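Bear in mind that the values here come from a model prediction, so they are computed numbers and not experimental data. Position 1 is the first residue of the sequence, and the numbers go up from there.
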Amino acid sequence: MAGSTRLTRKGLQSADVFVGAGGLAIGIANAGFNHVAVFDCHTAACDTLKLNHEKSASIARNWNVVHVDVKNADFSAYAGKIDLLSGGPPCQP
């Protein structure tokens, strides 16, 4: 794929768990998916993504950043609304 080519997935919704700095989520968004929410339990990761949401024109500007441990998250609001669930399971031991 050429560097400037962008795949379009109009209308496809996604969510990302263990979002961290957002690398995987950015790649998926660049592929044309719309994140309805991104989840992480680390305050610094969520704060960084929220700052990007508020202060920049980055692709993360429209993300709903949810600060929660996925073990305790209520995903019922997203039932039937997600076409793709992605995640980078925690790398910490």
Side-chain angles (χ1 to χ4, degrees):
M1 177 189 311
S4 63
T5 302
R6 182 174 170 176
L7 298 175
T8 303
R9 306 266 191 271
K10 293 188 182 215
L12 291 180
Q13 305 296 312
S14 56
D16 192 288
V17 294
F18 313 113
V19 69
L24 178 60
I26 288 170
I28 290 169
N30 281 336
F33 287 85
N34 299 310
H35 290 300
V36 297
V38 295
F39 301 85
D40 204 290
C41 66
H42 292 96
T43 303
C46 292
D47 288 349
T48 299
L49 291 171
K50 287 177 183 177
L51 182 64
N52 287 341
H53 168 79
E54 297 168 3
K55 304 283 184 186
S56 75
S58 81
I59 200 161
R61 70 183 172 277
N62 296 319
W63 294 354
N64 174 29
V65 179
V66 181
H67 181 219
V68 66
D69 187 321
V70 298
K71 293 182 290 189
N72 302 319
D74 179 6
F75 294 104
S76 62
Y78 309 102
K81 298 177 183 174
I82 302 295
D83 299 296
L84 175 70
L85 176 63
S86 61
C91 59
Q92 55 274 37

| field | Test log, rule side chain to side chain contact (heavy atoms under 4.5 Å, CB included), inputs Val36 and Ile82 | value | CA-CA 8 Å; Val36 297; Ile82 302 295; 3.1 Å; yes
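Taking CG of Leu49 as the start and NE2 of His67 as the end, the distance is 11.5 Å to the nearest 0.5 Å. A distance of 11.5 Å separates SG of Cys46 from CH2 of Trp63, quoted to the nearest 0.5 Å.
Partners of Thr48 according to the side-chain hydrogen bond (donor to acceptor under 3.5 Å, both in side chains) rule, which considers only residues two or more places apart in sequence or in another chain, do not exist here. Remark: Asp74 engages Ser76 in a side-chain hydrogen bond (donor to acceptor under 3.5 Å, both in side chains) (not counting sequence neighbours). Remark: Ala45 engages Asp40, His42 in a side chain to side chain contact (heavy atoms under 4.5 Å, CB included) (not counting sequence neighbours). Under the ring pair (Phe, Tyr, Trp, His ring centres under 6.0 Å) criterion, Phe39 pairs with Phe75, Tyr78, not counting sequence neighbours.
There is a path of hydrophobic side-chain contacts, each under 4.5 Å, that joins Val68 to Val17.
The main-chain N or O of Gln13 is never found under 3.5 Å from a side-chain atom of Asn34 such that the two would form a donor-acceptor pair.
The minimum heavy-atom distance linking His35 with Ile28 is given by the pair CE1-CG2, 4.0 Å.
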Please tabulate, one pair per line, all N/O donor-acceptor pairs under 3.5 Å involving side-chain atoms of residues 18-26, not counting sequence neighbours.
none

